[in-house]
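Both backbone and side-chain heavy atoms feed into the values below; hydrogens, waters and symmetry mates do not.
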Amino acid sequence: MKTHPIKSDQRYTVTLEWCGDAKPRYVARFCGEWIAKATTYPAAVMLATGHRLQRNGAPVFTNQPV
């Protein structure tokens with residue numbers, strides 16, 4: 001498990017932490033600030049990657065009811 005999963009931006013980290021759940025979770029952070037938590041390492045990396053893309057101006061798509 002890499003602590004800095006985004007090679008081009010070392011400000012992102014993913015670590016296994018106790019968050020008040022029954023089991024420890026993988027926590028994604030940007031400059032030490034909480035982004036989100038996930039049950040698996042790959043899911044936390046995807047959360048960090050999505051955060052980075054949004055910071056770089058990528059559009060955010062959400063499910064809209066019809």
Side-chain angles (χ1 to χ4, degrees):
M1 176 180 79
K2 293 182 181 180
T3 303
H4 299 280
I6 302 175
K7 194 174 190 178
S8 61
D9 195 340
Q10 295 293 304
R11 296 175 292 178
Y12 286 95
T13 60
V14 173
T15 54
L16 192 59
E17 301 178 21
W18 288 97
C19 304
D21 295 309
K23 295 181 180 181
R25 302 290 187 222
Y26 291 95
V27 175
R29 294 180 181 272
F30 175 71
C31 293
E33 295 293 322
W34 175 284
I35 296 172
K37 66 180 176 179
T39 57
T40 64
Y41 177 78
V45 172
M46 289 298 294
L47 291 166
T49 302
H51 183 269
R52 181 174 180 266
L53 291 171
Q54 286 180 358
R55 285 187 58 253
N56 289 338
V60 178
F61 293 93
T62 58
N63 186 12
Q64 298 291 328
V66 178

Identify each donor-acceptor pair in which a side-chain atom of residues 51-61 lies under 3.5 Å from a protein atom, sequence neighbours left out, and give them as a table.
residue	atom	partner	partner atom	Å
His51	ND1	Tyr12	OH	2.8
Arg52	NH2	Ser8	OG	3.2
Asn56	ND2	Arg52	O	3.4

**Item:** For the student: nearest non-hydrogen atoms of Arg29 and Ile35, plus distance
**Value:** C-CD1, 3.7 Å
**Request:** Examine Leu16 and Val27 and state if one hydrophobic cluster contains both, with Ile, Leu, Val, Met, Phe, Trp and Tyr joined whenever side-chain heavy atoms are less than 4.5 Å apart.
**Result:** no
**Request:** Looking only at non-hydrogen atoms, find the nearest pair between Lys7 and Gln10 and report the distance.
**Result:** O-NE2, 3.2 Å
**Prompt:** Going through the distances and angles, do Trp34 and Cys19 end up as a side-chain contact (heavy atoms from CB on, under 4.5 Å)?
**Reply:** CA-CA 11 Å; Trp34 175 284; Cys19 304; 4.0 Å; yes
Less than 3.5 Å apart, which donor and acceptor atoms pair up between the side chains of residues 40-50 and the rest of the protein, not counting sequence neighbours?
residue	atom	partner	partner atom	Å
Thr40	OG1	Ala43	N	3.3
Tyr41	OH	Lys2	N	3.4
Tyr41	OH	Lys2	O	2.9
Thr49	OG1	Val45	O	2.8

**Fill in**
CD1 of Ile6 to CZ of Phe30, rounded to nearest 0.5 Å, is 9.5 Å
**Request:** Could you tell me whether Asp9 and Arg11 make a salt bridge, using a distance below 4.0 angstrom between a side-chain N and a carboxylate O?
**Result:** yes
**Prompt:** Does CD belonging to Glu33 count more than 12 external heavy atoms closer than 6.0 Å?
**Reply:** no
**Request:** Check whether any side-chain heavy atom of Asp21 sits under 4.5 Å from a side-chain heavy atom of Lys37, and report yes or no.
**Result:** yes
**Request:** Report the residues that fulfil side-chain hydrogen bond (donor to acceptor under 3.5 Å, both in side chains) with Thr15, sequence neighbours left out, ordered by chain and then residue number.
**Result:** Glu17
